[in-house]
*Asks:* 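One structure coming up, written as structure tokens, with questions to follow.
Chain A is the first sequence line, chain B the second, and so forth, proteins listed ahead of strands; every chain is numbered from 1.
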Amino acid sequence: MKTLPELLAGDVIDAARCLLGRRLSSEIGGQVCAVVLTEVEAYGGEDDPASHGFRGRRTANASMFGAAGTLYVYRSYGMHWCMNVVTGPAGRAAAVLLRGARPVTGADVMSRRRGRSDHLADGPGKLAQALGVSGEQDGTTVYEGPVLLGLDVEAEGVVRADKRVGITRAMKRQWRFLLEEGPDVRD
DNA sequence: CGGTGGATTCTCT
DNA sequence: GAGAATCCACCGA
């Protein structure tokens with residue numbers, strides 16, 4: 001069994017699959033909360049036309065070229081924040097977009113940040129908002145915080161692969177991975 | 001140097 | 001299911 005640092009240092013698709021079921025926690029603004037990741041997407045570097053790293057290093061995506069375990073946070077559609085965990089060797093620009101999660105602790109904190117009590121983290125923008133993540137956390141690492149990734153898998157389930165969401169290039173790649181827990185696994 | 005297009009979410013119909 | 005909200009780096013000229 002590989003350790004998390006070993007997994008993140010390796011192939012982005014392997015890393016993406018192995019992030020499912022892990023705990024993601026944050027301590028931001030004095031508030032602590034945690035979720036379990038249920039949906040992720042892999043993005044490559046210059047070989048992946050749908051990736052932010054495709055056209056090379058830019059001001060906004062610099063952290064994507066950082067070391068494995070770096071948090072890459074970007075603004076989406078001018079109003080949301082989305083976060084990625086960088087994988088592979090530094091300079092490689094591959095990362096796993098965290099698309100969705102199930103709240104486990106601090107649901108009250110997340111509800112307050114989200115302004116509602118349901119759909120707390122079932123989307124990339126929602127997940128970042130629920131955890132209080134913004135551009136300020138861009139470039140931090142998931143080993144040092146304030147956004148931390150659990151070293152162990154906490155939830156097992158069936159991993160389903162699907163097409164990535166919201167992109168217009170490289171639509172064919174099924175690099176989106178969902179964790180289907182429990183008995184009510186749907187298609 | 002201005003237009004444009006998003007790795008989205010919410011609300012209303 | 002469609003449309004609005006809302007920003008700015010990047011592209012093409």
*Asks:* Roughly, in whole Å, what's the span from CG in A:Leu120 to P in B:dT9?
*Replies:*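 In whole Å, B:dT9 P and A:Leu120 CG are 13 Å from each other.
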*Asks:* Atom NZ of A:Lys163 and atom P of B:dA7: how far apart are they, to the nearest Å?
*Replies:*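 These atoms are roughly 17 Å apart.
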*Asks:* Dot-bracket, DNA chain C: Watson-Crick or G-U, under 3.5 angstrom, [ ] crossing, | other strand?
*Replies:* |||||.||||||.
*Asks:* When you look at CD of A:Glu6, are more than 12 heavy atoms from neighbouring residues, nucleotides or ligands closer to it than 6.0 Å?
*Replies:*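 Correct, the count exceeds 12.
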*Asks:* Looking at A:Arg22 and A:Glu154, does any basic side-chain N land under 4.0 Å from a carboxylate oxygen?
*Replies:*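 Salt bridge: no.
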*Asks:* Checking side-chain contact (heavy atoms from CB on, under 4.5 Å) against A:Tyr72, which of A:Asn61, A:Val85, A:Val96 comes through?
*Replies:*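 Looking at A:Asn61, A:Val85, A:Val96, the match for A:Tyr72 under the side-chain contact (heavy atoms from CB on, under 4.5 Å) is A:Asn61.
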*Asks:* Take atom C1' in B:dT9 and the same atom in C:dA9, then report the distance between them in whole Å.
*Replies:*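 These two C1' atoms come out 22 Å apart once rounded.
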*Asks:* Counting side-chain heavy atoms from C-beta on, which of B:dT8, C:dA5, B:dG6 comes nearest to A:Thr168?
*Replies:*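 Nearest listed nucleotide: B:dG6.
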*Asks:* Restricting both atoms to N or O, compile the protein contacts to nucleotides 10-13 of chain B shorter than 3.5 Å, with distance only.
*Replies:*
from, atom 1, to, atom 2, distance (Å)
B:dC10, OP1, A:Arg114, NH1, 2.8
B:dC10, OP1, A:Arg114, NH2, 2.6

*Asks:* Could you tell me whether the phosphate oxygens of B:dT8, OP1 or OP2, come under 4.0 Å of any side-chain nitrogen or oxygen in A:Arg99?
*Replies:*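 For B:dT8, OP1/OP2 do have a side-chain N/O of A:Arg99 under 4.0 Å.
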*Asks:* How far, in whole Å, is B:dA7 from C:dG12 if one measures between their P atoms?
*Replies:*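 Straight-line distance between the two P atoms is 16 Å.
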*Asks:* Provide a list of protein-nucleic acid N or O atom pairs under 3.5 angstrom, restricted to nucleotides 10-12 of chain C.
*Replies:*
from, atom 1, to, atom 2, distance (Å)
C:dC10, OP1, A:Arg58, NE, 3.4

*Asks:* If I take atom CG from residue A:Leu71 and atom CE from residue A:Met64, how far apart are they, to the nearest 0.5 angstrom?
*Replies:*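 Spacing of CG (A:Leu71) from CE (A:Met64) equals 12.5 Å.
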*Asks:* Hey, do the aromatic rings of A:His52 and A:Tyr74 have their centres closer than 6.0 Å?
*Replies:*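 They qualify: ring centres under 6.0 Å apart.
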*Asks:* Using a cut-off of 6.0 Å, state whether more than 12 heavy atoms not belonging to A:Glu46 lie near its atom CD.
*Replies:*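 Not buried by this count: 12 neighbours or fewer within 6.0 Å.
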*Asks:* Quote, to the nearest angstrom, the C1' distance that separates C:dC8 from B:dC10.
*Replies:*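 Their C1' atoms lie roughly 22 Å apart.
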*Asks:* Any N or O donor-acceptor pair linking the side chain of A:Tyr74 to the base of B:dA7 at under 3.5 Å?
*Replies:*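 Result: at least one qualifying N/O pair found.
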*Asks:* Of all the heavy-atom pairs spanning A:Ala94 and A:Val12, show the shortest one and how long it is.
*Replies:*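 The pair with the smallest heavy-atom distance is CB-CB, 4.0 Å.
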*Asks:* Just compare C:dC8, C:dA5, B:dT8 and give me whichever is closest to any side-chain atom of A:Met79.
*Replies:*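 Of all the options, the side chain of A:Met79 is nearest to C:dA5.
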*Asks:* Measure from the side-chain heavy atoms of A:Tyr43 and tell me the nearest of B:dT8, B:dA7, C:dC8.
*Replies:*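 From the listed options, B:dA7 comes nearest.
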*Asks:* Take the protein atom OH of A:Tyr77 and the nucleotide atom C1' of C:dG3, then report the distance between them rounded to whole Å.
*Replies:*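 Nearest whole value for this atom pair: 13 Å.
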*Asks:* Both conditions, 6.0 Å and 45 degrees, for the charged tip of A:Arg164 above the ring of A:Phe177: are they met here?
*Replies:*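 The answer is no, since A:Arg164 fails at least one limit relative to A:Phe177.
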*Asks:* Identify whether the distance between the nearest side-chain nitrogen and carboxylate oxygen of A:Glu181 and A:Arg102 falls below 4.0 Å.
*Replies:*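 Yes.
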*Asks:* Starting at NE2 of A:His80 and ending at C1' of C:dA4, how long is that distance when rounded to a whole Å?
*Replies:*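 Distance, rounded to whole Å: 11 Å.
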*Asks:* What pair of heavy atoms forms the shortest contact from A:Leu8 to A:Gly69, and how long is it?
*Replies:*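 Reported closest heavy-atom pair: CD1-CA, 3.9 Å.
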*Asks:* How long is the straight-line distance from OH of A:Tyr43 back to CD1 of A:Ile167, given to the nearest 0.5 Å?
*Replies:*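 So the gap between those two atoms works out to 4.5 Å.
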*Asks:* Remember a base hit wins even if backbone is also touched, and classify A:Met83 as base, sugar-phosphate or nothing at under 4.0 Å, heavy atoms.
*Replies:*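 Since no nucleic acid heavy atom lies under 4.0 Å of A:Met83, the category is nothing.
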*Asks:* Atom CZ of A:Arg176 and atom P of B:dA7: how far apart are they, to the nearest Å?
*Replies:*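 So the two atoms are 15 Å apart, to the nearest Å.
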*Asks:* Rounded to the nearest Å, what distance is computed from the CH2 atom of residue A:Trp81 to the C1' atom of nucleotide C:dC8?
*Replies:*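 So the CH2-C1' distance, A:Trp81 to C:dC8, works out to 11 Å.
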*Asks:* Nearest 0.5 angstrom please: A:Ile13 CD1 to A:Cys18 SG, how far?
*Replies:*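 The CD1 atom of A:Ile13 sits 12.0 Å away from the SG atom of A:Cys18.
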*Asks:* How many whole angstroms separate atom CD of A:Glu41 from atom C1' of B:dA7?
*Replies:*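 In whole Å, B:dA7 C1' lies 6 Å from A:Glu41 CD.
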*Asks:* Please walk me through it: do A:Arg113 and A:Gln31 pass side chain to side chain contact (heavy atoms under 4.5 Å, CB included)?
*Replies:* CA-CA 11 Å; A:Arg113 288 183 178 135; A:Gln31 311 273 50; 3.4 Å; yes
*Asks:* Provide, to the nearest angstrom, the distance between the CG atom belonging to A:Asp122 and the P atom belonging to B:dT9.
*Replies:*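 About 8 Å, once rounded to whole Å.
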*Asks:* Using a heavy-atom cut-off of under 4.0 Å over every strand shown, decide if A:Leu97 touches base, sugar-phosphate, or nothing.
*Replies:*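 Base: the residue A:Leu97, judged by heavy atoms under 4.0 Å, touches a nucleobase.
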